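This report refers to the structure that appears directly beneath it.
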Amino acid sequence: MEYYLRRNHPDKVIQLYDKFIASIEKKKSARGSEDRESSSDLIPPAMPSATTSPSPHSGEASTLLAVIAAHAIKDDFEAAMNIYTSTSIRTKSFSQNDERLTRLKYNPKLVQRLTVWIPRLHLASLVSRPQMLHKLLKRYANEQAVQPIEKLYQCLKDGLTGRAPFLTTKSQKPNTPNRLVLPAMIWTSFLSALMKCQRRDLAASLWDDMISFGIRPGLSMWTTLIDGFDNNRAVDEALAAWKMMRGQNVHPDGLAYRAIISALFNGNKSALAMRTFDEFQSTAMKTSPTDCTLSVYNTVLHGLLLTNQIDEANNLLQSMPQTGLKPDLISYNTLLAYHSRRGDLKELANVINDMSAANIIGDIFTFSTILSGMLKAGREDAPKLILKLMRKQGIEPNVATYSAIINHHMKRGDEISVRAAFLMLQQMEADPQIHPNDVTYTSVLANLYRNTWLSSEQVEEWRKDIVQRMERRGVKFNLPTYHILIKACLTNTESEGLKNALWYYHDMRKRKIPMANTTWYILLAGLLHREEWNIADEMVNQMYTTGLQPSGSLSELVGKIKKRTRILDPEV
DNA sequence: CTAGGGTTAG
């Protein structure tokens, strides 16, 4: 194939590729029938092994690139796209300095065309396998990796409207039969990923793009938007989206109700959340599947407990049987979490008894929750006890389990405990099953900032070490992380504390992570407490420039800063 | 496609 490419005979290359594919298909079907003959009907198919499904060798990728290059010589992108999206050949997307590409450098025009084509072909193959694209975006969002998401999205937009479009939304289809149709769910996947990265600005422009392509956002898109605002702790925006959705006569289902109710509870609007829940019960609940209804109930339960409305929570639980609903494992875990936060061992035991009476077996969430509740209550033997219990039940401890233990060590703050925490962290880093996450590292960092036992040199050394480890592993800060760290820094009375807090603030701005009301509250309350009036004034100004109109407790805080009201109670 | 619970902290 390379010979014909060099001789500029693309059609020969294409012929050879077709033959190659045909021979593969023949081999596959031959092998397939052999398998059928040899295996009895009673024996289930074996695990895929090297002999039954050969792993793609690199030769296949080179062959694919050769035929793509042949089509590039003929400038037939559509044909290349058809091959690329339908081939079973697995290949990492070819990078620009791929060794296979540089072998074509005798034809610079061809190489240049291929460097434009390859990312587009990569996207096209993802668009034709939406669930694969979704998985990829989800992974990027988990890693807070905005750039690759943006890159894919830019390529998508370019594919719809650029100089040589190869994608189409359904509404345009009649005039463009040769383009790949973009499934509507892909918009939802991108929106969800961008919101999880706290990039409301990019999410907003995606929304605008979608409208300008003539797509009316459907229920799932609205739900994703509201969920995203909830993730970003932006209640007002969530509520605005909810109203806009209803204004467009889109009827919410259980999932949509769940999203808005969660946002309202998290945004301190529990009365409105409960009214919305009542509305759900008298409307969408009638046609909602049981598991979906239960998720709404569990969200309400979680919200009530979050706002310390324990009586209301018990009323809700008691009302469930009348509607044919039974509390499930998640309901019980939610209850356990409430008592765990309060370190209430007696109530924890009560819930565990209720669970066994209802024949509900605990899972990893259950055990991690109980473990941290016991630690909060001062039970030093909790890790040993719970880990033993888990082994007996065959439940593997995970990141949350070990993070809880590490947090406990770090909280104690003496040198021996901190060293124990670092040792456990090292063990987690060495084991791919329990790699530390943002929560683990945040716990270590926040406790270091708050530490008053150790020398500041020692703290600084350990802090640098942690930051390096995070960078090495690609673990990035997100909104709750910043909140925790800024607050921890500001509680440290040393001047370092203030400096560090402001560093995190600037880092947030640099990374374009939008501030939630809570962010400003934490910052301003900390500055007020330290009586850093000038810096507090400056922050208030910067808050106004973001267009935020503070209300409630946040505006009270602004008033106190303006009036230089000193906090006299040293406990606050 | 969007989906309820745990580990950071409030």
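All chains are named by letter (A, B, ...) in the order of the sequence lines, taking the proteins before the strands, and each is independently numbered beginning at 1. We use all heavy atoms of the structure for the numbers below, so side chains are in, but hydrogens, waters and symmetry mates are not. Since this is a predicted model, take the numbers as computed values, not measurements.
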List in numerical order all residues of residues 475-489 of chain A for which some heavy atom is under 4.0 Å away from an atom belonging to DNA chain B.
-> I484(A), K487(A)
Using only heavy-atom distances, determine whether the side chains of H483(A) and T519(A) contain a donor-acceptor pair under 3.5 Å.
-> yes
Is there a donor-acceptor contact under 3.5 Å linking the side chains of S340(A) and S372(A)?
-> yes
Going by atom types alone, do S205(A) and D208(A) pair a side-chain donor with an acceptor below 3.5 Å?
-> no
Expected output: side-chain T283(A) to main-chain E279(A) donor-acceptor under 3.5 Å = yes
Could you check whether S403(A) gets within reach of a base, just the sugar-phosphate, or nothing at all, counting any heavy atom under 4.0 Å?
-> base
Steps toward side-chain hydrogen bond (donor to acceptor under 3.5 Å, both in side chains) verdict (T224(A), D227(A)) = CA-CA 5 Å; T224(A) 303; D227(A) 268 322; 5.8 Å; no
Could you tell me whether N398(A) contacts a base, only the sugar-phosphate backbone, or nothing, with contacts defined as non-hydrogen atoms closer than 4.0 Å?
-> base
Should the ring pair Y504(A) and Y482(A) be called parallel, tilted or perpendicular, given that the plane angle runs from 0 to 90° and is split at 30 and 60?
-> perpendicular
Does one side chain, of N500(A) or N492(A), offer a donor that lies under 3.5 Å from an acceptor on the other?
-> no
Between T401(A) and S368(A), a side-chain donor and acceptor under 3.5 Å = yes
Under a 4.0 Å heavy-atom cutoff, the residues of residues 353-369 of chain A touching DNA chain B are D363(A), I364(A), F365(A), S368(A), T369(A)
Donor-acceptor contact below 3.5 Å, side chain N451(A) vs main chain G413(A) | yes
May I ask you to say what K138(A) touches in the nucleic acid, namely base, sugar-phosphate or nothing, with a heavy-atom cut-off under 4.0 Å?
-> sugar-phosphate
Any side-chain donor paired with an acceptor under 3.5 Å for T85(A) and S128(A)?
-> no
Under 4.0 angstrom, heavy atoms only, what part of the nucleic acid is T223(A) near: base, sugar-phosphate, or nothing?
-> base
Do T293(A) and S288(A) have side-chain N/O donor and acceptor atoms under 3.5 Å apart?
-> yes
Can you check side chain to side chain contact (heavy atoms under 4.5 Å, CB included) on Q309(A) and S270(A), steps first, answer last?
-> CA-CA 10 Å; Q309(A) 305 182 63; S270(A) 51; 3.3 Å; yes
Donor-acceptor contact present, side-chain D230(A) to main-chain I226(A), <3.5 Å | no
Side-chain ion pair, D344(A) and K346(A), N-O less than 4.0 Å | no
Taking atom types as modelled, find out whether T440(A) and N437(A) have a side-chain donor-acceptor pair closer than 3.5 angstrom.
-> yes
How would you give the extent of chain A contacts on DNA chain B, as first and last nucleotide 5' to 3' within a 4.0 Å heavy-atom cut-off?
-> dC1(B) to dG10(B)
Which part of the nucleic acid, if any, lies within contact of R233(A), taking any heavy atom under 4.0 Å across all strands shown: a base, the sugar-phosphate backbone alone, or nothing?
-> nothing
Is there a residue in residues 322-346 of chain A whose heavy atoms reach under 4.0 Å of DNA chain B, and which residues are they?
-> D328(A), L329(A), I330(A), N333(A), T334(A), A337(A), R341(A)
List in numerical order all residues of residues 287-298 of chain A for which some heavy atom is under 4.0 Å away from an atom belonging to DNA chain B.
-> L294(A), S295(A), N298(A)
Contacts to DNA chain B from residues 299-321 of chain A, heavy-atom cutoff under 4.0 Å, which residues?
-> T299(A), H302(A)
F477(A)/Y441(A) aromatic ring centres below 6.0 Å | no
Polar contact flag, side-chain donor to acceptor under 3.5 angstrom, S212(A)-D209(A) | no
Anything under 30° is parallel, anything over 60° is perpendicular, the rest tilted; go ahead and classify F280(A) against Y257(A).
-> tilted
